[in-house]
Amino acid sequence: MSIRFSRALLILVLAAAACRIERTPRVERDDPANVARDEIELTLRNYQEALLEGDARSAAAVFTPGAQVYLPETPVIAGRGEIDRLFANGMAGESIVEMDMQLGDIDVGNGVAHQFGMLEQTFRDVEGDEHDIAGRFAIRWVRAADSAWRIDRLIINHAPMDSAAAAVE
């Protein structure tokens with residue numbers, strides 16, 4: 001080996017030894033599915049509050065423009081305008097006194113989420129009488145252009161109160 005090559009090699013070895021390489025700790029980022037679940041649950045709570053307050057406009061705003069709602073013994077309600085009318089007309093005569101949505105699983109992927117759960121609701125009719133209903137629901141959520149989660153499909157099936165409670169246990 002030539003002296004020049006040996007010196008160059010020695011300089012490289014010393015330079016490499018002088019350099020201290022440290023690993024930068026990774027910042028743990030939240031799981032996108034967990035973030036989506038949290039955002040969806042917050043939106044669902046806001047939806048429930050709007051229904052309890054009788055705020056039809058805010059309740060309808062949770063839906064996509066082309067959303068569809070499937071209720072028992074009712075034709076499909078299609079589009080946010082129809083959903084807004086449904087809530088406005090329904091809230092004009094009846095009010096929701098209590099509402100409990102027991103959330104089941106939420107499956108999230110690629111800007112779409114599916115959520116399932118149980119619901120119990122007490123509403124007051126025009127005469128002032130209160131009625132309890134229970135059932136199951138399925139929601140198809142989509143991530144809108146403004147990054148908010150919106151309901152694209154909502155399916156509600158009513159069930160007797162005791163069978164809905166038993167299904168949750």
Side-chain angles (χ1 to χ4, degrees), residues 30-169:
D30 289 331
D31 176 9
N34 288 336
V35 171
R37 285 183 190 94
D38 292 344
E39 292 171 354
I40 287 168
E41 287 179 8
L42 176 62
T43 302
L44 191 58
R45 277 194 302 277
N46 292 339
Y47 171 68
Q48 288 177 345
E49 288 174 19
L51 290 174
L52 288 168
E53 293 169 4
D55 185 352
R57 183 80 41 171
S58 293
V62 173
F63 291 82
T64 63
Q68 294 181 357
V69 175
Y70 301 86
L71 300 174
E73 301 173 26
T74 306
V76 175
I77 298 112
R80 192 181 308 160
E82 288 297 313
I83 293 167
D84 190 19
R85 278 188 280 289
L86 169 76
F87 288 141
N89 293 339
M91 291 178 179
E94 297 177 347
S95 61
I96 299 172
V97 179
E98 290 182 42
M99 182 176 198
D100 181 26
M101 294 181 87
Q102 298 138 19
L103 306 179
D105 294 336
I106 302 175
D107 302 318
V108 181
N110 297 326
V112 176
H114 296 91
Q115 180 179 40
F116 307 92
M118 305 295 292
L119 67 91
E120 293 182 10
Q121 194 174 46
T122 302
F123 68 92
R124 188 174 294 123
D125 64 21
V126 186
E127 289 84 31
D129 296 327
E130 290 188 3
H131 306 276
D132 293 325
I133 58 171
R136 297 175 275 289
F137 68 88
I139 301 174
R140 179 177 184 250
W141 295 88
V142 295
R143 175 120 25 214
D146 64 356
S147 295
W149 286 96
R150 303 243 190 275
I151 297 173
D152 189 53
R153 298 287 184 274
L154 171 61
I155 302 169
I156 296 178
N157 290 319
H158 291 161
M161 290 293 285
D162 55 348
S163 70
V168 173
E169 295 172 359

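Ring-plane geometry between Phe87 and Phe63 is classed as tilted, the angle between the planes lying from 30 to 60 degrees on a 0 to 90 degree scale.
Remark: Tyr70 OH to Ile77 CD1 distance equals 10.0 Å, nearest 0.5 Å. With rounding to the nearest 0.5 Å, the separation of OG1 in Thr43 from CD in Glu39 is 7.5 Å. Between atom CZ of residue Arg57 and atom CZ of residue Arg80 there is a gap of 10.0 Å, rounded to the nearest 0.5 Å. If you take CG on Leu71 and NE2 on His158, they are separated by 7.0 Å, rounding to the nearest 0.5 Å. For the atom pair Gln121 CD and Ile156 CD1, the distance stands at 7.5 Å (nearest 0.5 Å). The line from CD of Gln115 to CG of Asp105 is 9.5 Å long, rounded to the nearest 0.5 Å.
In this structure a side-chain-to-backbone donor-acceptor pair under 3.5 Å is missing from Arg136 to Ala159.
Glu130 CD: more than 12 foreign heavy atoms inside a 6.0 Å radius.
Counting heavy atoms from C-beta on, the side chains of Gln102 and Glu120 come closer than 4.5 Å. Residues Val62 and Trp141 form a side-chain contact, since some pair of their non-hydrogen atoms from C-beta on lies under 4.5 Å apart. Residues Ile40 and Ile139 have side chains not in contact (no heavy-atom distance under 4.5 Å, counting atoms from C-beta outward).
Between Val108 and Ala113 the shortest heavy-atom distance is CG2-CB, 3.9 Å. The two atoms that bring Ala59 and Leu51 nearest to each other are CB-CD2, 3.8 Å, heavy atoms only. Pairing each heavy atom of Val69 with each of Ile83, the nearest pair is CG2-CD1, 3.7 Å. Across every non-hydrogen atom of Ala56 and Ala88, the tightest pair is CB-N, 3.5 Å. Shown here for Trp149 and Ala36, the closest heavy-atom pair between the two residues is CZ2-CB, 3.6 Å.
When the side chain to side chain donor-acceptor pair (under 3.5 Å) test is applied to Glu41, no partner is found at least two apart in sequence or on another chain. Remark: Arg150 engages Asp146 in a salt bridge (charged side-chain N to carboxylate O under 4.0 Å, His left out) (not counting sequence neighbours). With sequence neighbours excluded, no residue satisfies salt bridge (charged side-chain N to carboxylate O under 4.0 Å, His left out) with Arg45.
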Quiz item: What's the verdict on side chain to side chain contact (heavy atoms under 4.5 Å, CB included) for Leu119 and Met99, showing C-alpha distance, side-chain angles and the deciding distance?
Solution: CA-CA 7 Å; Leu119 67 91; Met99 182 176 198; 5.7 Å; no
